[in-house]
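To start, the structure under review is shown below, and the notes come after it.
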Amino acid sequence: QKIAFEGTTDINETMNVFPNPFSDNISITSENEIKNVIILNTLGEKVYSSQSSGQQAEINLADLKAGIYFVQAMDNKTNRSIVKKLAVVK
């Protein structure tokens, strides 16, 4: 399934993703509550999706191959998406 980014805001607004690059786990923190998280590959294919609540999320992505991905998090307060680029190293 391919997905296009919709309602994307400034990528530096309210969300931090770390560590980046990573090999197994990432942490996401946000000023507002995170509604859901989607990870996409460079072809726009969804490789991970989860519902979330709270201002932070810990995600295990050890199964991903090395490469570039995009994390899209939906802000529960404004219903806007924030997108950041991720690099997986193995």
### Task
Keeping the roles fixed (side chain from Lys84, backbone from Met15), state whether a donor-acceptor pair exists under 3.5 Å.
yes
### Pairing residues for Asn20 by the side chain to side chain contact (heavy atoms under 4.5 Å, CB included) criterion, not counting sequence neighbours
Leu86, Ala87
### Task
Assess whether atom CG of Asn60 is packed by more than 12 heavy atoms of other residues, nucleotides or ligands within 6.0 Å.
yes
## Note on the structure
Here the gap from Ile59 atom CD1 to Asp24 atom CG, rounded to the nearest 0.5 Å, amounts to 13.5 Å
Return a table of donor-acceptor pairs under 3.5 angstrom between the side chains of residues 34-41 and protein atoms on other chains or two or more places apart.
{"unit_1": "Lys35", "atom_1": "NZ", "unit_2": "Asn79", "atom_2": "OD1", "d": "3.3"}
{"unit_1": "Asn41", "atom_1": "OD1", "unit_2": "Leu43", "atom_2": "N", "d": "2.9"}
{"unit_1": "Asn41", "atom_1": "OD1", "unit_2": "Gly44", "atom_2": "N", "d": "3.1"}
{"unit_1": "Asn41", "atom_1": "OD1", "unit_2": "Glu45", "atom_2": "N", "d": "2.9"}
{"unit_1": "Asn41", "atom_1": "ND2", "unit_2": "Glu45", "atom_2": "OE1", "d": "2.8"}

### Task
List in chain and number order the residues that pass side chain to side chain contact (heavy atoms under 4.5 Å, CB included) with Ala66, two or more places apart in sequence or in another chain; answer none if no residue qualifies.
Lys90
### Message
Checking Ser27 now: which residues fulfil side chain to side chain donor-acceptor pair (under 3.5 Å) with it, not counting sequence neighbours?
### Response
Glu58
### Query
Tell me, do Leu64 and Val47 make a side-chain contact under 4.5 Å, heavy atoms counted?
yes
### Task
Compare all side-chain heavy atoms of Tyr48 with those of Leu61 and state whether any distance is below 4.5 angstrom.
yes
#### Entry: Counterpart residues, side chain to side chain donor-acceptor pair (under 3.5 Å), relative to Thr29 (two or more places apart)
none
### Task
Applying side chain to side chain donor-acceptor pair (under 3.5 Å), name anything that partners Glu33, two or more places apart in sequence or on another chain.
Asn76
#### Entry: Separation between CD1 of Ile28 and CD of Gln55, rounded to the nearest 0.5 Å
13.5 Å
### Summary
Interatomic distance, OG@Ser30 vs CE@Met74, rounded to 0.5 Å, equals 12.0 Å
### Query
Do Phe22 and Val89 come close enough that some side-chain heavy atom pair is under 4.5 Å?
no
